[in-house]
Amino acid sequence: MIAIVMLITGLLVSGCSGSSSELVHPGYDITIGELESMVAPLPGEIRETIIDNPVCFLDRLSNVLEVPAELFLIADKDHNLGADYVPEDLVNLGDYPLYRNRDGMMLRAVALPDTLAMAEAARQEGIKLVFSSAYRSYGYQETVYLRNVSELGREQADRESARPGASQHQLGTAVDFGSITDSFAATPAGRWLVENAWKYGYSLSYPDGYEQVTGYRHEIWHYRYISRPAAYLERVYFHSLQHYLLLFLDSNRASLEEAYRGGDRNHGSDGQGEPPESVPGAAERTS
Ligand SMILES: [Zn+2]
């Protein structure tokens, strides 16, 4: 994985032009010192990847700033969505050619084109991607949680299930695939997703070894749609750690948007960057 990230990063660097002005990137009104303070809370290896390649990073970031911020909402034990959060564009997955293990699953329409493209790509490679769980309302989470509390006690219930409002499934962009068990990792679909989900904007939310960071145990079956540009940025610059990408955007998006508006986009880089050939569909996202 590290080798792949380094290779991709190296390719990116060779494809980006540097800036000789004081500003780190001609498309952004931002200095390297300002960028350094934005990435300061991140782990050292992520900071280094970004600060070593600031022009390419900001090129890529501009694509992410075009994506609605709602796709990057944080939902975890420290960020509660609240009972009122209901996505407005939910669609029924039963209306589309997808393998499902039950009826009535809903997903946000904004995630649908890439979701269908991913399922079709898997199918063409002989992989059966089974959708097992998607949107869960606040009310549904509350019912499950309260049942666990009454059966197991509050302490154990907190380990077994998210409190209402703390689940990414309420966003309408999270999907559980296959068996929803650890054994999914060794299945063809589980392995295919690890290799390919990012190409279609999906990101593994709870990777192995990051329980203390994410607040959730390793879930090899749980992916969240964050858009193709964001999944690319996450993979190359955030070492495939969704948690840190979301925290970075949550803290800095407003400042970065302002810096992007303030940058001189008629000078030098157009702020869009070249899509790598390894990211299918990236080209149509750069307009
Ligand atoms: Zn899940």
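Read the numbers this way: they start at 1 and go in the same order the structure lists the ligands and their atoms.
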Engineer: Is Tyr140 atom OH crowded by more than 12 heavy atoms from other residues, nucleotides or ligands, each under 6.0 Å away?
Structural biologist: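 Check fails, neighbour count at 12 or below.
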
Engineer: Test side chain to side chain contact (heavy atoms under 4.5 Å, CB included) on Leu204 and Trp198 and set out the steps.
Structural biologist: CA-CA 9 Å; Leu204 185 72; Trp198 68 278; over 6 Å; no

Engineer: Are the side chain of Asp250 and the backbone of Leu246 linked by a donor-acceptor contact shorter than 3.5 Å?
Structural biologist: no

Engineer: Short question: side chain of Arg60, backbone of Pro229 - any donor-acceptor pair under 3.5 Å?
Structural biologist: no

Engineer: Taking the Zn ion (ligand 1) as the centre, count the protein N/O/S atoms lying under 2.8 Å from it.
Structural biologist: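 Excluding waters, the total comes to 4.
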
Engineer: Answer yes if the ring centres of Tyr206 and Tyr216 are under 6.0 angstrom apart, and no otherwise.
Structural biologist: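 They qualify: ring centres under 6.0 Å apart.
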
Engineer: Just checking Tyr85: does its OH atom have more than 12 heavy atoms from other residues, nucleotides or ligands closer to it than 6.0 angstrom?
Structural biologist: yes

